[in-house]
Amino acid sequence: MAAAKLEKQIVATAVIFVMTLFGVTASSIPLFGIGLPTCVTDVKPFTKPEVFFYSPTHYEVHYVARMWNFDPPEVTVPAGSTIDIYLSTADITHGFQLLGTNVNLMAVPGAVNYARVKLERPGDYHVLCHEYCGTGHQNMATVIRVTDPLAPRAVPVAPEQPDQRVGHLGYQVLQNKACLACHTIDGKPSTGPTLKGLFGDMVELADGSKVKADEAYIRESIQNPQAKLVKGFTPTMPQLPISETELAQVIEYLKIL
Ligand code: CUA
């Protein structure tokens, strides 16, 4: 009899566990805007990249991955847009990680993978290939630009010069370590402080004191992000493994940014 009672208790506990898990999962959809990843589609493999406009806040993008880029190379949508992402590959297997979101797909030959994402916050969302695909792998990236529809329109000035600094080794390090998911290089605010003009600047810390962003400061901020907290930002930066060479490359890059 005692055994039967214990069994009932175990079953009841298991049921509560499963229901809690299901409840947390289900409520995370409206609470955090997390979509459930889906992979199976009935879309035929394609080699033609396309952007479909359904409404000002709903787009569909057909991405073609190939060594070593993504097509279309750049997509711009207004904040609050939902994007249906379909991913195919023209050659071998590639990865597709949309930084700052939970979109993480594989581009598999002969198949089409799918994810839906809603991008609420304006900014640049970088896409990285996370499947080693040859010598150009670490440069395989694209960007989804999310514009702020309420921001005043920028008056077009001179045509922008191609940014030579993007090819910088320090930039590659920042990209590979996903630093750019939270730090911009163009002065725009994001989850973390912008890296533009940071080097040599005076930084105001959470405790009100000021510190010069010199080599020692940058070094410490990367190796021990919580040592000096910048005013107005949350202490969310993870401690990432970084080699001495990479650290030096990042510092060189920040000097010219
Ligand atoms: Cu494509 Cu790595």
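Since the structure is predicted, the reported quantities are computational estimates derived from the model, not experimental observations. Atoms within a ligand are numbered from 1 in the order they appear, just like the ligands themselves.
- Salt bridge absent: Lys5 and Glu7 never bring a charged side-chain N and a carboxylate O closer than 4.0 Å.
- Shown here are the salt bridge (Lys or Arg N to Asp or Glu O under 4.0 Å) partners of Asp201, two or more places apart in sequence or in another chain: there are none.
- Counting only distances under 2.8 Å, and ignoring water, the protein N, O or S atoms around atom 2 (Cu) of ligand 1 are Cys129 SG, Glu131 O, Cys133 SG, His137 ND1.
- If you look at Tyr59 and Tyr54, their ring centroids are not closer than 6.0 Å.
- Every residue two or more places apart in sequence or in another chain that forms a salt bridge (Lys or Arg N to Asp or Glu O under 4.0 Å) with Glu120 is listed here: Lys118.
- Contact of the Ile144 side chain with the Leu119 side chain is registered, since non-hydrogen atoms from C-beta on lie closer than 4.5 Å.
- Taking the salt bridge (Lys or Arg N to Asp or Glu O under 4.0 Å) definition, one finds that Asp91 meets it with nothing, sequence neighbours left out.
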